[in-house]
2 protein chains.
Amino acid sequence: MPKLKRISESTISRLSRYYRALVQLDKDNYETVSSKDLANLEHLTPAQVRKDLSFFGSFGTRGLGYPVRELKDKIARILGVDQEWNVALVGIGNIGSALVSYKEFARQGFKIKLLFDNDQRKIGSNHKGIVIRDVANLTRELKDNHIEIVVIAVPPQQAQAVCDDIVKADVKAILNFAPINLKVPKGVSLRNENMAMELEHLSFCLVNDHYCEQG
Amino acid sequence: MPKLKRISESTISRLSRYYRALVQLDKDNYETVSSKDLANLEHLTPAQVRKDLSFFGSFGTRGLGYPVRELKDKIARILGVDQEWNVALVGIGNIGSALVSYKEFARQGFKIKLLFDNDQRKIGSNHKGIVIRDVANLTRELKDNHIEIVVIAVPPQQAQAVCDDIVKADVKAILNFAPINLKVPKGVSLRNENMAMELEHLSFCLVNDHYCEQG
DNA sequence: GAATGTGAAGGTTTTCACAGCA
DNA sequence: TGCTGTGAAAACCTTCACATTC
């Protein structure tokens, strides 16, 4: 009985973690798993696991636990990783090229279909079997190729302009690696990966260990 | 009058954002900034800004606002980015090599001093001016070189073993790119960058836009 | 007058605890 | 008996509102 309540960011992130754990449990031929086991695997509490899952339905059996395979598939459905997504990547610099070869992406159904850059020397060349296109045509090519998710890996100065072009192509999901706060209209989902910020978090913990709860 | 209360993760992350904004304001020769201005720059509320800062002291002047340069320096101090940190990177694959050239790191005082890999073909070779060492000697070399922060960019199967070696070297801060939940003892700070998880978050939003608050 | 610093209020997330079911 | 599902309680985080200071 899923209620139409807003789901918190943390619940969604934990869903990813449950999913990962369940994939492993399934590989290891476990049939069922209790909220306690699942919680231990991901260093969470059993109540948290049950509450999170309860937002989406009643997947378990009292006295027994959750059926591994079935729960895995249900969560895959909820997360949208039971289908393929067309992904484009803008900015084929250090991070961009690393992402092209990042195996975890393809494994989960995220297919990198298009690459873009603004460097004339790169445009037209092949990168791991994908031709690099001119970012000048970004909006049109995203539309023509039915891209659903775009990854931004350009320098911060160019990120907002690129982002605006992406939004114009009606793309509703953006993953941003540029260390800048992008503005997107309502209805567009934006996630940020900011490595410098994570390092700053760590240095904060090193300097202020009395404030900072362990790891 | 900083109280000895635990600081929330979100406050620490916002501190990084204030810092970035203040660096820019200082470059643009602003002398003072109000909580309202700072909030607008980072899409937050003025009350949030004031509350966050108040955990660490009273940096502003009533009726005037905060002195930009001074606040920037104070936050740099709090975040620990007023000093240099010795960083090592384990795993010189796609992501690892991208990180070596990531300019944002060095700019903030995070100096990559050592590189490690387990691939005999890579060990001993030069990567952007840094020699790649054998991960077999990880613990000893981290100790000998007074490394304070280690970045893990190895495949998930090897991540926990690498992590254990890092902990043995008394390193207290780890940034992990492997899609796995590492176990670290109390007192060690661990941050995770999980790109697959961010993409899953986006696909969740695409599939469940009714649950998912905008961007 | 203008904007900080901060208790108190309000909202959200997590944990508790137990009823309910296999 | 064992473990889920879930209201209620507790903890936590954000916003409000205003006294306070320049």
Side-chain angles (χ1 to χ4, degrees), chain A residues 1-18 22 25 30-68 70-71 74-75 78 201 211-214, chain B residues 1-18 21-22 25 30-68 70-72 74-75 78 201 211-214:
Chain A
M1 51 203 67
K3 272 152 243 159
L4 218 30
K5 241 198 100 198
R6 201 183 145 274
I7 304 297
S8 77
E9 302 246 311
S10 1
T11 295
I12 304 171
S13 299
R14 283 192 300 266
L15 235 41
S16 286
R17 298 170 61 180
Y18 302 146
L22 287 161
L25 286 167
Y30 284 88
E31 299 269 309
T32 57
V33 67
S34 67
S35 58
K36 187 153 155 267
D37 298 339
L38 206 41
N40 285 341
L41 283 171
E42 291 294 321
H43 314 139
L44 300 163
T45 67
Q48 181 90 81
V49 172
R50 296 201 299 275
K51 194 29 83 95
D52 283 340
L53 295 178
S54 78
F55 288 128
F56 301 97
S58 301
F59 305 127
T61 309
R62 285 159 205 247
L64 236 174
Y66 301 90
V68 170
E70 215 178 298
L71 184 59
K74 287 245 169 72
I75 295 184
I78 294 167
H201 205 308
Y211 281 135
C212 207
E213 221 71 324
Q214 71 102 243
Chain B
M1 53 201 68
K3 273 153 243 159
L4 218 30
K5 239 198 102 197
R6 201 182 145 274
I7 305 296
S8 78
E9 303 247 311
S10 1
T11 295
I12 304 171
S13 300
R14 282 192 300 267
L15 235 41
S16 286
R17 297 170 63 181
Y18 303 146
L22 286 161
L25 286 167
Y30 284 87
E31 299 270 308
T32 57
V33 66
S34 66
S35 58
K36 188 152 155 266
D37 298 337
L38 205 43
N40 286 341
L41 284 171
E42 291 294 320
H43 314 138
L44 300 163
T45 66
Q48 180 88 84
V49 172
R50 295 201 300 275
K51 187 45 78 127
D52 283 340
L53 295 178
S54 78
F55 289 128
F56 300 98
S58 302
F59 305 127
T61 309
R62 287 160 205 243
L64 236 174
Y66 300 90
V68 169
E70 216 179 296
L71 184 58
K72 183 196 67 144
K74 287 246 170 73
I75 295 185
I78 294 167
H201 205 306
Y211 281 135
C212 205
E213 221 71 324
Q214 70 101 243

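Just so you know, these numbers come straight off a predicted model, no measurement behind them.
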Exercise. So which heavy atom on B:His201 is nearest to which on A:Ser13, and how close?
Worked result: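 B:His201 and A:Ser13 have their closest heavy atoms at CD2-OG, 4.0 Å.
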Seminar exercise, completed: Between B:Ala21 and B:Leu38 the two heavy atoms that sit nearest each other are CB-CD1, 3.9 Å
Rounded to the Å, how far apart are [X] [atom1] and [N] [atom2]?
| X | N | atom1 | atom2 | value |
| --- | --- | --- | --- | --- |
| B:Arg62 | C:dT4 | CZ | P | 10 Å |
| B:Phe56 | C:dG5 | CZ | P | 14 Å |
| A:Leu44 | C:dT15 | CG | P | 8 Å |
| A:Phe55 | D:dT4 | CZ | C1' | 15 Å |
| A:Leu53 | C:dT14 | CG | P | 13 Å |
| B:Glu9 | C:dT12 | CD | P | 21 Å |
| A:Leu71 | D:dC3 | CG | P | 16 Å |
| A:Phe59 | D:dG5 | CZ | P | 9 Å |

At less than 4.0 Å, is any side-chain N or O atom of [X] found next to OP1 or OP2 of [N]? Yes or no.
| X | N | value |
| --- | --- | --- |
| B:Gln48 | D:dC13 | no |
| A:Arg14 | C:dT14 | yes |
| B:Tyr66 | C:dG5 | yes |
| B:Thr45 | D:dT14 | no |
| A:Ser35 | D:dT4 | yes |

Problem set entry | Closest-nucleotide ordering on DNA chain C, the 5'-leading residue of A:Ser8 and B:Gly60 | B:Gly60
For this session: Could you say whether A:Gly63 or B:Val33 is positioned toward the 5' end of DNA chain C, judged by the nucleotide with the nearest heavy atom to each?
Result: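 The residue whose closest nucleotide sits nearer the 5' end is B:Val33.
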For this session: Among A:Leu41, A:Leu25, A:Val33, A:Val49, find the one that has a side-chain contact (heavy atoms from CB on, under 4.5 Å) with A:Tyr18.
Result: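 Checked A:Leu41, A:Leu25, A:Val33, A:Val49 against A:Tyr18; only one passes side-chain contact (heavy atoms from CB on, under 4.5 Å): A:Val49.
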Problem set entry | Nucleotide of D:dT4, D:dT14, D:dC18 approaching B:Arg50 most closely (side-chain heavy atoms) | D:dC18
Exercise. Taking the side chain of B:Ser54 as its heavy atoms from C-beta onward, which of C:dA8, C:dT14, C:dG5 lies nearest to it?
Worked result: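 Looking only at heavy atoms from C-beta outward on B:Ser54, the closest nucleotide is C:dG5.
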For this session: Taking the side chain as every heavy atom from C-beta outward, state whether B:Asp52 and B:Leu44 have any atom pair closer than 4.5 Å.
Result: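 No, their side chains stay 4.5 Å or more apart.
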Exercise. If you look at every strand shown and take non-hydrogen atoms under 4.0 Å, does A:Lys51 touch a base, only sugar-phosphate, or nothing?
Worked result: base
For this session: Please check if atom CZ in A:Phe59 has more than 12 non-hydrogen atoms from other residues, nucleotides or ligands closer than 6.0 Å.
Result: yes
